[in-house]
Number of protein chains: 2
Amino acid sequence: MTMEGSTAPRRTRIQQEKRELILEAALEVFSVNGFRGSTIDQIAEAAGMSKPNLLYYFRRKEDIHETLMERLLETWLAPLRELDDIGDPMTELRSYIRRKLEMARDFPRESRLFANEIIQGAPRIMPLLEGELKTLVDEKAAVIRGWMRSGKIAKTDPYHLIFSIWATTQHYADFDVQVRAVLGSDRGGEGRFEDAARFLENLFIQGLLPKRD
Amino acid sequence: MTMEGSTAPRRTRIQQEKRELILEAALEVFSVNGFRGSTIDQIAEAAGMSKPNLLYYFRRKEDIHETLMERLLETWLAPLRELDDIGDPMTELRSYIRRKLEMARDFPRESRLFANEIIQGAPRIMPLLEGELKTLVDEKAAVIRGWMRSGKIAKTDPYHLIFSIWATTQHYADFDVQVRAVLGSDRGGEGRFEDAARFLENLFIQGLLPKRD
DNA sequence: GCAAATTTTGACCGATTGGACAAACGTTAG
DNA sequence: CTAACGTTTGTCCAATCGGTCAAAATTTGC
């Protein structure tokens, strides 16, 4: 029998390694095909093990996805959590945009996994959206609104500001193939993230400059 | 034997009606579950007919998806096609953003169908992206660049400008459940598109105001 | 080194999948 | 009315699906 700790089950070295291997493979598969479109066999093959062996570590397909989503949400919200009330508003927002774009560049599969879940109506993480996510956004929207009131940045809707930052940055992960196809081979290389960073910084900074009145 | 026209097969009245019915149902199903995640049975049930009956009108699952994607791309690119060299730059861009947002509001399933295809790596429409889409964007980017050169709008990267318009507007269709969850029941009603329109207009107009130098 | 525990495998299961097919049913033009 | 054509259905199929199970292979604690 497997021993159980107070919160998480105790695992052997092999269990930890193999579970990581499976999650890595599952991320690859789920992020492309979505939950329904992915099969255990695909994941098992990507992880280099047999299906029954995979099912020894995760008893159901849903368990893999659930574990993946739990981890994802923390990583995904980290940049917004860092948005600091104390710092300079413009600097804070600029580095938030930068961090978000870096995540799109460095963790595109995570971004696509999240996008897949949302597009499908968020059947598995709806409570988290209405709970943890909404709370965090409400909190940060209040911070931004404070900046607006004190005249540090232009007055707009802080919620839609956050949405537009999410949308523009995640676009470079979720719609990567389209971006590359349109930019072509010459401009579609790694430099595209530099160009995007420059453009977005400019767009949002101009859009948020306080108006002298 | 079914008669064939020179380009498209000739169809009876019933065939036309039933095919439309199937495509409507398929849009509903595919846009949520993606191609792999959707089944013919789901589509047949949504269309109110038996599976063999559905397969009488479309011989393979892929044929339905293909027909859907062909139609989609035209509708989807229409707003960008309308972007007119002759009009006033600011007005043109503003109404492009508005049209795009209206499409996100009125055709969210089409938007999600497209998003699903792109996220999955565009296995079925890659040639269209590299061909028709790239050509159109290149053309319009040149128009925008012309506006920039003549000082009508601020100088930035026209490609990333187009990307950011796509991203921000489509976000309200593809990530609708997230937007509604975050905005809550009070602000998440139909008015959210009005708020979004105001915000985006403001963001892009400010970001594109020509700098006096 | 050996027994106990853990890990891996192959064989298998019922359910679902995309699709084929012939027979039955409707419709319509002459 | 009826023959020809268009439509619908029930039945069936092989492949794949998520998942089980017992036995074999391996690792681990002592």
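Residue numbers begin at 1 in each chain, while the letters A, B, ... track the order of the sequences.
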task: Tell me which nucleotide among D/dG10, C/dG19, C/dT7 gets nearest to the side chain of B/Pro52.
output: D/dG10
query: Would you say A/Glu194 has more than 12 foreign heavy atoms packed within less than 6.0 Å of its CD?
result: no
- prompt: Whole Å only: how far is the CG atom of B/Leu54 from the P atom of C/dA20?
  reply: 13 Å
- request: Take the protein atom NZ of B/Lys51 and the nucleotide atom C1' of C/dA15, then report the distance between them rounded to whole Å.
  value: 12 Å
- prompt: What is the nucleic acid contact for B/Leu55, judged by heavy atoms within less than 4.0 Å: base, sugar-phosphate only, or nothing?
  reply: base
task: May I have the distance from B/Met49 (atom CE) to D/dT8 (atom P), rounded to whole angstrom?
output: 7 Å
Distance in angstrom units between B/Asn53 CG and D/dG6 P, rounded: 15 Å
At a cut-off of 3.5 Å, list every protein nitrogen or oxygen paired with a nitrogen or oxygen from nucleotides 25-30 of chain D, distance to 0.1 Å.
unit_1: D/dT28; atom_1: OP1; unit_2: A/Arg13; atom_2: NH2; d: 2.7

message: Can you tell whether the side chains of B/Glu82 and B/Arg98 come within less than 4.0 Å, N to carboxylate O?
response: no
query: Among A/Leu129, A/Leu77, A/Leu80, whose side chain to side chain contact (heavy atoms under 4.5 Å, CB included) with A/Val137 holds?
result: A/Leu80
query: OP1, OP2 of C/dT6 versus side-chain N and O of A/Gln15: anything below 4.0 Å?
result: no
task: Using a strict 4.0 Å threshold on nitrogen-to-oxygen distance, state whether B/Arg192 and B/Asp176 make a salt bridge.
output: yes
- request: Round to a whole Å and report the spacing from OH of A/Tyr56 to P of D/dG18.
  value: 22 Å
query: Any idea which of D/dT20, C/dT8, C/dG18 is nearest the B/Lys61 side chain?
result: C/dG18
- prompt: Taking OP1 and OP2 of D/dT9, is either one under 4.0 Å from a side-chain nitrogen or oxygen of B/Ser50?
  reply: yes
- prompt: Hey, are B/Arg124 and B/Glu66 close enough for a salt bridge, meaning a charged N less than 4.0 Å from a carboxylate O?
  reply: no
query: To the nearest Å, how far apart are A/Arg36 CZ and C/dT16 P?
result: 11 Å
A/Arg71 with A/Glu20: basic N within carboxylate O range, under 4.0 Å: yes
message: Of the listed nucleotides (D/dG19, C/dG18, D/dT8), which one gets closest to any side-chain atom of B/Thr39?
response: C/dG18
- prompt: Are more than 12 heavy atoms from other residues, nucleotides or ligands located less than 6.0 Å from atom CD of A/Glu45?
  reply: no
message: Measure CD1/A/Ile43 against P/D/dC17 and give the value in whole Å, please.
response: 11 Å
field: Sequence neighbours excluded, every pair satisfying salt bridge (Lys or Arg N to Asp or Glu O under 4.0 Å) that has a member inside residues 156-170 of chain B
entry: A/Arg187-B/Asp157
Write down the protein N/O and nucleotide N/O pairs, taken from nucleotides 22-26 of chain C, whose separation is under 3.5 Å; answer none if there are no such pairs.
none

query: So, B/Arg198 and B/Asp195, do they make that salt bridge, N to O below 4.0 Å?
result: yes
message: Tell me the interatomic distance from A/Lys18, atom NZ, to C/dT8, atom C1', rounded to whole angstroms.
response: 8 Å
